[in-house]
Amino acid sequence: MNTKQTYISEIGGHLGEEVAIKGWLYNKRSSGKLGFLEIRDGSGLIQGVVSKKDVSDSTWDASERATQESSIIVRGAPREHPKKPGVYELDVHELEIVQLAHEYPITPKEHGVEFLMDHRHLWLRSRRQQAILRVRHEIIRAVRDFFDDDGFILCDTPIFTPAACEGTTTLFEVDYFEDKAYLTQSGQLYNEATAAAFGKVYCFGPTFRAEKSKTRRHLTEFWMVEPEVAYAKLDDIMTLAERFLSSIVGRVLDRRKEELKQLERDTAQLEKIVPPFPRLQYDDAVKLLQQGHAEGNLESRFEWGGDLGSPDETYLSGLYDKPVMVHRYPAAVKAFYMESDPDRPDLALCVDVLAPEGYGEVIGGGERAASLELLMQRINEHGLPESAFDWYLDLRKYGSVPHAGFGMGIERAVTWICGLEHVRETIPFPRMLYRLKP
RNA sequence: UCCUCAGUAGCUCAAUGGCAGAGCAUCCGGCUGUUAACCGGGGGGUUGUAGGUUCGAGUCCUACCUGAGGAGCCA
């Protein structure tokens with residue numbers, strides 16, 4: 001067994017050669033003296049064929065004994081599949097069992113969500129989960145490349161924070177020596193500091209929300225990428241968001257065709273994601289929602305002044321085949337740091353980007369309050385302790401400029417791009433209400 | 001926190017208030033081109049928990065536990 005290891009994804013370049021595949025037994029079928037082994041090695045899947053008359057007794061015996069997910073090293077010669085043109089199989093010469101797997105819980109039949117989530121550490125080995133996580137990987141690479149190539153500096157923000165960033169959502173509290181700390185719910189306030197240092201910055205890391213949300217769109221721990229740009233206005237970051245989303249969707253279409261096919265994603269819907277995206281002012285969104293209600297397509301009538309609910313977002317996003325950017329919400333329903341519209345001071349210069357096909361909000365952002373006076377007024381209105389924000393207020397004392405940014409939840413983007421029902425499959429080990437294991 | 005639904009073999013499910021079953025997995029046997037392979041056989045159960053109704057409860061009632069979906073809130 002000295003043959004060099006070859007990855008299944010590279011096997012096409014080694015036809016007729018003797019190669020070694022180091023991996024696991026995915027599934028097995030046999031037809032008497034002929035065995036069919038589905039072998040995976042992380043890079044792909046290949047069928048190995050073992051013929052009793054052509055191999056040693058020990059190899060034949062190993063092929064019969066090997067159980068699902070046993071780790072195996074297989075030596076043989078890759079060749080074209082006799083029935084499937086363009087597909088390779090491995091003519092197995094030698095098979096060694098590295099470890100004989102115990103009875104594997106995830107059998108080749110259907111399973112329920114709870115069972116699969118309890119076995120998430122093993123579920124990750126399945127084809128579908130691998131396809132999703134490869135798309136996630138591609139999206140993360142695309143995100144980094146987009147900002148890196150556009151002159152942004154990665155400036156990661158702290159995970160332990162002294163107080164609420166936004167003072168709205170519930171935070172996870174942890175002991176911090178003799179003090180209390182909270183897990184971050186956004187890097188944005190710190191981004192504003194680094195943006196004043198570097199001009200264009202982004203942070204990308206885990207984010208925590210202790211909300212008792214129990215829906216297919218929520219995790220308690222998720223990854224968020226947040227760009228922040230000095231001297232940018234609302235329109236500038238809407239344009240940025242538009243270019244950004246188009247870029248990552250295009251990248252996945254370009255490089256992860258196989259995975260999207262495996263997931264049975266309708267890629268025609270993704271091909272449409274190119275600038276410009278529709279921009280819808282909140283006032284007009286309200287009119288559309290009320291019209292939708294009048295026509296019987298929305299259960300409750302939406303009144304001006306409230307934040308968009310989940311059914312409202314679903315309805316609005318269903319009106320377009322591209323992400324729709326809803327901007328200028330009433331300031332009262334948005335975070336304290338939002339800049340107000342000079343023409344309509346009751347409106348905040350903010351934007352939510354709703355993904356099409358009913359996927360809802362994937363991006364939220366806006367222009368930040370630039371003046372010390374407005375910010376202090378807002379902090380008081382929201383009943384927040386001024387002392388917690390002293391350093392943040394400094395940013396308005398020393399060279400304050402208009403600036404704007406947004407945040408995108410990676411898992412929601414992956415859910416949308418993969419066309420999934422639930423965010424829980426888009427992160428290796430999801431953390432949800434009532435789900436902390438494995 | 002609220003609303004709805006569901007818990008039966010390791011897994012996915014069936015069983016009119018009347019003997020608790022099938023497929024997959026596992027074990028044994030068969031099969032030289034299989035594709036969630038197939039064919040024959042074996043083992044495998046405190047029906048989520050605690051009460052109650054009944055001659056008799058997996059099935060009906062009450063409470064609790066666990067999970068799923070939705071609302072609110074959010075990315």
Exercise. Between A:F389 and A:Y337, does the ring centroid distance fall short of 6.0 Å?
Worked result: no

For this session: Please identify each residue that fulfils salt bridge (Lys or Arg N to Asp or Glu O under 4.0 Å) with A:E114, with sequence neighbours left out.
Result: none

For this session: Under 4.0 Å between any heavy atoms, over every strand shown, what does A:F115 touch: base, sugar-phosphate, or nothing? Just pick one.
Result: sugar-phosphate

Exercise. Within the structure, does a side-chain N or O atom of A:N27 lie under 4.0 Å from either OP1 or OP2 of B:rU34?
Worked result: no

For this session: Name every residue in residues 358-368 of chain A that has at least one heavy atom under 4.0 Å from any atom of RNA chain B, in order of residue number, or write none if there are no such residues.
Result: A:E361, A:V362, A:I363, A:G364

For this session: For A:K84, answer base if it contacts any base atom (sugar-phosphate contacts may also be present), sugar-phosphate if it contacts only those atoms, and nothing otherwise; contact means non-hydrogen atoms under 4.0 Å.
Result: base

Provide a list of protein-nucleic acid N or O atom pairs under 3.5 angstrom, restricted to nucleotides 67-71 of chain B.
{"residue": "B:rG67", "atom": "OP1", "partner": "A:Y434", "partner atom": "O", "Å": "3.4"}
{"residue": "B:rA68", "atom": "OP2", "partner": "A:K214", "partner atom": "NZ", "Å": "3.4"}
{"residue": "B:rA68", "atom": "N7", "partner": "A:K214", "partner atom": "NZ", "Å": "3.4"}
{"residue": "B:rG69", "atom": "OP1", "partner": "A:H422", "partner atom": "NE2", "Å": "3.1"}
{"residue": "B:rG69", "atom": "OP1", "partner": "A:R424", "partner atom": "NH1", "Å": "2.9"}
{"residue": "B:rG69", "atom": "OP1", "partner": "A:R424", "partner atom": "NH2", "Å": "3.2"}
{"residue": "B:rG69", "atom": "O3'", "partner": "A:R216", "partner atom": "NH2", "Å": "3.0"}
{"residue": "B:rG70", "atom": "OP1", "partner": "A:R216", "partner atom": "NE", "Å": "2.0"}
{"residue": "B:rG70", "atom": "OP1", "partner": "A:R216", "partner atom": "NH2", "Å": "2.6"}
{"residue": "B:rG70", "atom": "OP2", "partner": "A:R216", "partner atom": "N", "Å": "3.0"}
{"residue": "B:rG70", "atom": "N7", "partner": "A:K214", "partner atom": "O", "Å": "3.2"}
{"residue": "B:rA71", "atom": "OP1", "partner": "A:S310", "partner atom": "OG", "Å": "3.3"}
{"residue": "B:rA71", "atom": "OP2", "partner": "A:R217", "partner atom": "NH2", "Å": "3.4"}

Exercise. Looking only at side chains, do A:E192 and A:Q188 share a donor and an acceptor under 3.5 Å apart?
Worked result: yes

Seminar exercise, completed: Which of A:R128, A:R136, A:R120 passes salt bridge (charged side-chain N to carboxylate O under 4.0 Å, His left out) with A:E425? It is A:R128

Exercise. When all nucleic acid strands are considered with a 4.0 Å heavy-atom cut-off, which category describes A:P105: base, sugar-phosphate, or nothing?
Worked result: nothing

Seminar exercise, completed: Across all chains, not counting sequence neighbours, the ring-ring contact (aromatic ring centres under 6.0 Å, His included) partners of A:W223 are A:F204

For this session: Sort by first number and list every stem of RNA chain B: at least 3 consecutive Watson-Crick or G-U wobble pairs, both distances under 3.5 Å.
Result: B:1-7 with B:65-71, B:10-13 with B:21-24, B:26-30 with B:38-42, B:48-52 with B:60-64

Exercise. Within the pair A:R412 and B:rA75, is there a side-chain N or O less than 4.0 Å away from OP1 or OP2?
Worked result: no

For this session: Any pair with a residue in residues 48-64 of chain A that passes salt bridge (charged side-chain N to carboxylate O under 4.0 Å, His left out), sequence neighbours left out, goes on the list, sorted by first then second residue, please.
Result: A:D61-A:R65

Exercise. Across the strands shown, which category fits A:D307 at heavy-atom distances under 4.0 angstrom: base, sugar-phosphate, nothing?
Worked result: sugar-phosphate

Exercise. Looking only at atom C1', what distance separates B:rA14 and B:rU66, rounded to whole Å?
Worked result: 23 Å

Exercise. Residues two or more places apart in sequence or in another chain: which of them pass side-chain hydrogen bond (donor to acceptor under 3.5 Å, both in side chains) with A:R125?
Worked result: A:E69

Exercise. Which letters describe nucleotides 23-30 of chain B, given B = protein heavy atom under 4.0 Å from base, S = only from sugar-phosphate, - = neither?
Worked result: SSBS----

Problem set entry | With sequence neighbours excluded, residues passing salt bridge (Lys or Arg N to Asp or Glu O under 4.0 Å) with A:D352 | A:K334

For this session: Enumerate the residue pairs fulfilling ring pair (Phe, Tyr, Trp, His ring centres under 6.0 Å) with a member in residues 304-335 of chain A, sequence neighbours excluded, ordered by first and then second residue.
Result: A:Y282-A:W304, A:Y282-A:Y329

Exercise. From the list B:rU32, B:rG33, B:rA37, which nucleotide is the closest neighbour of the side chain of A:S51?
Worked result: B:rU32

Exercise. What residues form a salt bridge (Lys or Arg N to Asp or Glu O under 4.0 Å) with A:E242, not counting sequence neighbours?
Worked result: A:R279

For this session: Check salt bridge (Lys or Arg N to Asp or Glu O under 4.0 Å) between A:E421 and all other residues, then give those that pass, not counting sequence neighbours.
Result: A:R216

Exercise. Which part of the nucleic acid, if any, lies within contact of A:R79, taking any heavy atom under 4.0 Å across all strands shown: a base, the sugar-phosphate backbone alone, or nothing?
Worked result: base

